[in-house]
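Structure record follows, encoded as structure tokens.
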Protein chains: 2
Amino acid sequence: METTKTVREQILDHAISLMMLRGYNGFSYRDLSDLVGVKTSSIHYYFPSKDDLVLEAVHAYTREVQDAVKTIDAGLPAEGKLAKFAKMFGRTLGDGDHICLCGMLAADIETLPEPVRLAVQAFFKANEACLTQIFAEGASDGTLATSATPEQAARAFFAALQGAGLASRLFRTKSRLEEVEASFKLSKQK
Amino acid sequence: METTKTVREQILDHAISLMMLRGYNGFSYRDLSDLVGVKTSSIHYYFPSKDDLVLEAVHAYTREVQDAVKTIDAGLPAEGKLAKFAKMFGRTLGDGDHICLCGMLAADIETLPEPVRLAVQAFFKANEACLTQIFAEGASDGTLATSATPEQAARAFFAALQGAGLASRLFRTKSRLEEVEASFKLSKQK
DNA sequence: GTCTATACTAAGATAGAC
DNA sequence: GTCTATCTTAGTATAGAC
């Protein structure tokens, strides 16, 4: 029962993976050509320009991540939801040499056109909105820190996850995401 | 009394600035040529390869940042030191369209040679070591959160600063660094 | 929809004159 | 130390045959 992917989907998947690894300016149509097995001119057929390709990549990635976030059990305590969110964020990164696509593109943003900036902003906003709710709950049930507003805490936490992704890969370790989680909880971890 | 900079210094300064803006793969010797006013072949005279250039840039940048960090008043309470550190981190970023050189290179790390990775790791370690001491003090004087160990908190905080730098620029705002600071303090901000 | 062929531009780098 | 000139490769992109 294998659902064979179209060439278009393969291109998009590999483009996302390559950008998570090397960034927008660190991969080429030739790389995609080698991976997918079609000529670069064929890739231009699906995605006329590289800008078109990134934009679609961000949309697809955002959808994917948001679908995963939605599966977080609403019955969990805030602390548990936060842990789940952090774990899922780590899992989308694969073997350890990839970072979040939108974190990467945020680094490359000054070389990208405005529509891409807006799409990456939308990704951040969606995740921060989800986290804001978790921190608001955490303030009520007393499991999460309250020194900042839920909005501030959510943005700081998401920034910390992005930064921890960078550092994890830099040091070739996996532990940095968990440290972030521990730092935003009120009770000491065992 | 103006100390005229050598061509070599100008190249290095502009290289650092360009990388903080567009990343390693987003600038060229031609860009530097235009900015400094010498031909690209002259730049190769000082820095034979682009790898040589980045490596020296990281060293110079690390020295610069560490010198600034050392000026933090030892008499300050931990909370105050943390605020100073965050403020200084923000100030090295300039107008708002630059991010930390080593945060940027951490994003580009998979396209860079091992010596650069080690140098960027050293930058992270030095800053995290400084922050570890601040968080240890903060645990004693009761101004900073203690849900994680000082080492964990330091790494999480530094990651949050890096992530906040990315987000600040993405959204063209400046407030995100302060939110990070607020989230790591125990007492509510006024 | 995929190919060959081909622009065109840019990139990193080197040789050798001045 | 800086230049001109050149090399080589790679990059995005397009035209047109199949």
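Quick note on labels: first sequence line is chain A, next is B, and so on, each numbered from 1. Every value quoted in this text rests on a predicted model; they were computed, and no experiment measured them.
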Checklist entry - What does nucleotides 8-18 of chain C look like as a protein-contact string, B for base, S for sugar-phosphate only, - for none, at under 4.0 angstrom between heavy atoms? => result --SSSBBB---

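Scanning for side-chain hydrogen bond (donor to acceptor under 3.5 Å, both in side chains) contacts around Ser33(B) gives an empty result, with sequence neighbours left out. Partners of Glu178(A) by salt bridge (Lys or Arg N to Asp or Glu O under 4.0 Å), not counting sequence neighbours: none found. By the side-chain hydrogen bond (donor to acceptor under 3.5 Å, both in side chains) test, His14(A) is found to be paired with no residue, residues two or more places apart in sequence or in another chain being considered. For Glu110(B), the salt bridge (Lys or Arg N to Asp or Glu O under 4.0 Å) partners two or more places apart in sequence, or in a different chain, are Arg117(B).
Spacing between atom OH of Tyr46(B) and atom P of dC3(D) amounts to 10 Å, rounded to whole angstrom units. What separates CD of Gln10(A) from P of dG1(C) is a distance of 14 Å, to the nearest Å. At whole-Å resolution of the value, CG in Leu53(A) and P in dG11(D) are 15 Å apart. Put simply, NZ on Lys39(A) is 17 Å from C1' on dT14(D), counting in whole angstrom units.
No single ILVMFWY cluster, assembled from side-chain heavy atoms under 4.5 Å apart, contains both Leu170(B) and Ile99(B).
Annotation for Leu76(B): hydrophobic cluster partners, listed by chain and number, are none (ILVMFWY side-chain heavy atoms under 4.5 Å, direct or chained).
Contact annotation: Tyr45(A) does not reach the phosphate of dT2(C) (side-chain N/O to OP1 or OP2, under 4.0 Å).
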